[in-house]
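Report on the following structure.
All chains are named by letter (A, B, ...) in the order of the sequence lines, taking the proteins before the strands, and each is independently numbered beginning at 1. When reading the values below, keep in mind they use all heavy atoms of this one structure, side chains included, and skip hydrogens, waters and symmetry mates. In this text, all values refer to a predicted model and were calculated from it rather than measured experimentally.
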Protein chains: 2
Amino acid sequence: MLSQVAQDRSPVHFRMHQFLARENEKPEAMLHLQEGWACRYRLLPDGRRQITGLYLPGDYCDPQWALGGLPSQPIVAITNVRALQLPCRASHAGLDGHNGFGQALSDVIERQANWLVTLGRKTAMERVAHLLVELFERMRKAGLAYGQQCAMPLTQIEIADMTGLTPVHVNRTLQSMRAKGLVELQSKWLRIPELQALREVGALTPQEAAA
Amino acid sequence: MLSQVAQDRSPVHFRMHQFLARENEKPEAMLHLQEGWACRYRLLPDGRRQITGLYLPGDYCDPQWALGGLPSQPIVAITNVRALQLPCRASHAGLDGHNGFGQALSDVIERQANWLVTLGRKTAMERVAHLLVELFERMRKAGLAYGQQCAMPLTQIEIADMTGLTPVHVNRTLQSMRAKGLVELQSKWLRIPELQALREVGALTPQEAAA
DNA sequence: CGTCGAGTTGACAGCCTTCAAGCAAAGTGG
DNA sequence: CCACTTTGCTTGAAGGCTGTCAACTCGACG
């Protein structure tokens, strides 16, 4: 099993804002996150930034490295990160969806497609709702949700870079959501009183945010 | 080789607007497009549509089917399509980037990430420029560009659903690009007088639109 | 010759951005 | 332990990019 491979390796640590991978640099190993959050992003010449992927505890970083090629986007730690290393080529024998890597690859493609819909066609409130629902459900799958709440280390600037909005508008949108009782969000903790209500606000189809 | 596998199969045909795949229905076979265009998309309950992937001649449809799971989004023919069928599981022995499927999977992830940046952070003109550059470069790689031109069967409505804009604004944006001499686009043919100029208008980083 | 889809144009509204200022909490150095 | 700075969050006012609504043209098609 992959987990056994992983457990043969000693854990590595990254501080907040440290790079897990850089553009066009061959990664030393695939990482299996044990603790902490990270993100993949691209920076435009004029400073605009778009986050293109989030890595939460339990996620592989990055499954596509098993396919060969070099990372085209940097990956940076959002919080301090602890991870296990595993060789990028450990998985060649079976990427068929019946093991972790195939599923992880599917999830990446699925989530990216969902975000294309959100960034292309949804309003600010729908975008933020999508993000919060996805975060909560992924944390819950990782066993890191406690009732209706989970940790949420993202700053409003990072939420903006994820949702394609400005930090100012993210702030106004969150306040509006708080006023409606849709979310409680303070000191890095997220609480969602009614998940189904927030899913509807986010215009999430049944298959979305399930991945 | 994959191509030999493919050539063992007889070609299948789809008419314009016919489905190559439907949501949650197991596809009969992976398709290797020989002629015609198709797209993957999602429809929101209120009618908003976002195209999440384009399939051009030479593309596999869809590489991720080799990973297992069911398609979460429908795929529909934009023009009439001719394609070769190959079994979804033909590739299990090697998805390592040294054959067509691994590369195809990488390309899908890479292109989706590029579009996340465009939909999240770019202006209308940058979005349309990105699309036209990508289409031209993919057609050229497929051997279907002739000098500075290639076929471009998309309607302005389809361009809008790809770029996250309204058809009206796509129209205005295209006119503005024509007025600046950036593109010539008429009767389903695209000509790009200066590709590099259009790349810059699209705020494309070196690695973008290369996939 | 009527219909339909695609493209085009104008007027107006609105969501979101930009710019700016102020506040609180956390980190830093003396 | 207390300035001082930094980071993150908040709020207001004004403007712009894009959306909405509507009407018109044109060519393809039957």
Please determine whether a side-chain nitrogen or oxygen atom of A:Gln156 lies at a distance below 4.0 Å from atom OP1 or OP2 of D:dT10.
yes

At less than 4.0 Å, is any side-chain N or O atom of A:Arg178 found next to OP1 or OP2 of D:dC9? Yes or no.
no

How close or far is atom [atom2] of [N] from atom [atom1] of [X], stated in whole angstroms?
| X | N | atom1 | atom2 | result |
| --- | --- | --- | --- | --- |
| A:Met16 | D:dT7 | CE | C1' | 11 Å |
| B:Leu154 | C:dG5 | CG | P | 19 Å |
| B:Asn171 | D:dT18 | CG | P | 15 Å |
| A:Arg49 | C:dT17 | CZ | P | 16 Å |
| A:His17 | C:dG27 | NE2 | P | 13 Å |
| A:His169 | D:dA13 | NE2 | P | 17 Å |
| B:Lys188 | C:dG5 | NZ | P | 14 Å |
| B:Arg127 | D:dC17 | CZ | P | 14 Å |

Among C:dT17, D:dG19, C:dG7, which nucleotide sits nearest the side chain of A:Leu165?
C:dT17

Where the side chain of B:Thr166 is concerned, which of C:dT9, D:dT20, D:dT11 is the nearest nucleotide?
D:dT20

Which part of the nucleic acid, if any, lies within reach of B:Arg121 when heavy atoms closer than 4.0 Å are counted: base, sugar-phosphate only, or nothing?
nothing

Quick one: label A:Arg48 by what it contacts on the DNA or RNA (base, sugar-phosphate, nothing), any heavy atom closer than 4.0 Å.
nothing

Just say parallel, tilted or perpendicular for the rings of B:His130 and B:Trp115, cut-offs at 30° and 60°.
parallel

Got a donor-acceptor pair under 3.5 Å from the side chain of A:Arg172 to the base of D:dG12?
yes

Side-chain donor/acceptor of B:Arg15 to backbone N/O of B:Asn80, under 3.5 Å:
no

Any side-chain donor near an acceptor of the partner, B:Arg191 and B:Gln148, under 3.5 Å:
yes

Is any side-chain heavy atom of A:His32 less than 4.5 Å from a side-chain heavy atom of A:Asp59?
no

Test B:Tyr60 against every option in B:Phe101, B:Trp65, B:Tyr55 by the ring-ring contact (aromatic ring centres under 6.0 Å, His included) rule and name the one that passes.
B:Phe101

Report the residue (B:Val168 or B:Thr173) whose heavy-atom-nearest nucleotide on DNA chain D is the more 5′ of the two.
B:Thr173

